[in-house]
Colleague: 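Here it is, the structure in full.
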Amino acid sequence: DMAAQRRAAIQVVVDSQTEMARHSAREQLSRDLHDNILQDLFVTGLELNELELLDSIEQRNEIVAGLRKHLNIISANIRSIIEDSRRTAGDPLPARIRDVIREWNDASEMVITFTNESSVDDTVIERLPQNINDNLVVITKEAVSNAVRHSGGTRVTVTLNFTGSLVHLSVVDDGQGFNPRNTRNSGTLNLKARAAAIGGDLEIISSPTGVAVTVTAPATPGSI
């Protein structure tokens with residue numbers, strides 16, 4: 001009958017959406033493993049190879065200190081992936097960003113802070129579409145990870161702000177910056193792809209006093 005057909009049609013849609021969600025989660029896990037964990041494991045392996053060739057105790061101690069740092073970074077990335085997988089779809093963006101920062105503060109010697117400058121009501125932030133929420137969390141994780149691994153600085157500041165119908169996110173470190181010609185790597189391209197996926201713009205500005213990653217994205221019409 002018609003009612004049974006409608007129920008069957010609804011079930012097909014639900015099954016399709018569930019499979020799409022699973023596929024998206026697998027793709028995200030693959031990106032996280034490739035761009036963060038596997039790269040750090042590769043660097044750790046190189047340092048182990050170098051350690052075998054050194055006779056100087058001072059040089060060995062320096063390599064061991066670097067190994068500890070890389071292992072802490074790998075651990076933070078893994079914990080962040082696990083924590084994110086446990087979270088429910090309804091968790092607001094500021095809470096998820098705070099979790100990311102807590103993980104990195106535990107694993108890094110850098111001081112990482114978060115400021116939510118949004119003046120809108122909390123219920124407005126809670127209505128932020130899930131795809132925007134997810135992508136901004138991933139951008140935060142990768143930008144903080146890059147700062148910890150490459151900046152050579154002591155501090156990272158993450159700022160979130162809602163203005164009108166836009167959401168703004170910035171990750172700024174106080175490191176030594178980098179050569180802009182070297183920004184076309186997979187990590188940078190992933191950041192830009194994440195921003196583009198939510199209709200946003202991502203800008204990376206490097207100077208001798210640090211790197212600023214900024215994202216401006218619409219919160220979708222009618223959501224704010």
Side-chain angles (χ1 to χ4, degrees), residues 17 20-21 23-32 34-36 77 80-81 83-85 87-104 112-148 150-151 156-173 177-178 180 183-207 210-224:
Q17 291 177 340
M20 288 176 63
H23 180 70
S24 177
R26 288 194 295 268
E27 284 189 337
Q28 176 56 45
L29 177 59
S30 177
R31 281 192 293 266
D32 284 342
H34 178 270
D35 296 326
N36 294 319
N77 270 313
S80 180
I81 292 172
E83 182 71 22
D84 224 35
S85 68
R87 283 197 158 274
T88 63
D91 287 326
L93 180 60
R96 294 181 67 183
I97 291 179
R98 287 191 184 95
D99 282 344
V100 170
I101 290 171
R102 186 187 68 248
E103 295 290 351
W104 279 109
I112 307 167
T113 59
F114 172 57
T115 302
N116 182 6
E117 296 181 346
S118 306
S119 58
V120 299
D121 187 85
D122 286 345
T123 58
V124 174
I125 299 176
E126 291 170 1
R127 295 200 306 270
L128 187 68
Q130 191 62 38
N131 68 317
I132 295 178
N133 202 330
D134 291 343
N135 280 287
L136 289 178
V137 169
V138 174
I139 289 172
T140 302
K141 287 197 296 185
E142 293 197 12
V144 171
S145 175
N146 288 339
V148 171
H150 306 304
S151 74
V156 181
T157 302
V158 180
T159 305
L160 179 70
N161 191 15
F162 286 79
T163 58
S165 60
L166 297 175
V167 55
H168 308 271
L169 173 72
S170 69
V171 180
V172 181
D173 67 61
F178 59 83
T183 61
R184 290 188 60 82
N185 56 53
S186 60
T188 300
L189 293 177
N190 279 342
L191 289 176
K192 292 183 178 294
R194 285 282 176 183
I198 55 177
D201 295 315
L202 183 139
E203 185 177 29
I204 302 176
I205 298 177
S206 176
S207 73
V211 174
V213 178
T214 59
V215 184
T216 300
T220 72
S223 65
I224 288 184

Colleague: Less than 3.5 Å apart, any donor N or O on the side chain of Thr214 or His168 sitting next to an acceptor on the other?
Modeller: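 There is no such pair between these side chains.
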
Colleague: State, with a plain yes or no, whether a side-chain heavy atom of Val100 is found less than 4.5 Å away from one of Ile112.
Modeller: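 Val100 vs Ile112: side chains apart.
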
Colleague: Show the numbers, then the answer: is there a side-chain contact (heavy atoms from CB on, under 4.5 Å) between Val213 and Glu142?
Modeller: CA-CA 10 Å; Val213 178; Glu142 293 197 12; over 6 Å; no

Colleague: Identify the two heavy atoms, one from Ala195 and one from Ile139, that lie closest to each other, and give their separation to 0.1 Å.
Modeller: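 Where Ala195 meets Ile139 most closely, the heavy atoms are N-CD1, 3.9 Å.
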
Colleague: Less than 4.5 Å apart, side chain to side chain, heavy atoms only: is that true for Leu160 and Thr115?
Modeller: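 Leu160 vs Thr115: side chains apart.
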
Colleague: Tell me which one of Thr216, Leu136, Asn133 satisfies side-chain contact (heavy atoms from CB on, under 4.5 Å) with Val167.
Modeller: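 With Val167 as partner, side-chain contact (heavy atoms from CB on, under 4.5 Å) holds for just one option, Leu136.
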
Colleague: Testing the basics here: between Gly199 and Pro218, what is the closest heavy-atom pair and its distance to 0.1 Å?
Modeller: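 In terms of heavy atoms, the two residues are closest at O-CD, 3.2 Å.
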
Colleague: Would you indicate whether the side-chain heavy atoms of Val215 and Asp201 approach each other to under 4.5 Å?
Modeller: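 Result no, sub-4.5 Å side-chain heavy-atom pair not found.
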
Colleague: Would a 4.5 Å heavy-atom cut-off, applied to side chains only, mark Leu169 and Thr140 as touching?
Modeller: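 Sidechains of Thr140 and Leu169: in contact.
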
Colleague: In sequence, state the C-alpha distance, the side-chain angles, and the governing distance for Phe178 and Ile204, and then conclude on side-chain contact (heavy atoms from CB on, under 4.5 Å).
Modeller: CA-CA 11 Å; Phe178 59 83; Ile204 302 176; 3.6 Å; yes

Colleague: Arg98 and Phe114: which non-hydrogen atoms are nearest, and at how many Å?
Modeller: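 Closest heavy-atom pair between Arg98 and Phe114: CG-CD2, 3.5 Å.
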
Colleague: Would you call Ile101 and Val156 a side-chain contact if the rule is heavy atoms closer than 4.5 Å?
Modeller: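 They are not in contact (no side-chain heavy atoms under 4.5 Å apart), so the answer is no.
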
Colleague: Quick check: closest heavy atoms across Leu191 and Ala143, and the distance to 0.1 Å?
Modeller: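 Here Leu191 and Ala143 meet closest at CD2-N, 4.4 Å.
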
Colleague: Do you know which two heavy atoms are closest between Gly177 and Ser206, and how far apart they sit?
Modeller: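 Reported closest heavy-atom pair: CA-OG, 3.3 Å.
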
Colleague: Can you check whether Val137 reaches Leu93 side chain to side chain, under 4.5 Å on heavy atoms?
Modeller: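 Val137 vs Leu93: side chains touch.
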
Colleague: Counting only N and O atoms by type, is there a donor-acceptor contact under 3.5 Å from the side chain of Thr159 to the main-chain atoms of Ser170?
Modeller: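 Side chain of Thr159 to backbone of Ser170: no pair is present.
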
Colleague: Give the intermediate values and the outcome of side-chain contact (heavy atoms from CB on, under 4.5 Å) for residues Leu128 and Phe162.
Modeller: CA-CA 10 Å; Leu128 187 68; Phe162 286 79; 4.0 Å; yes

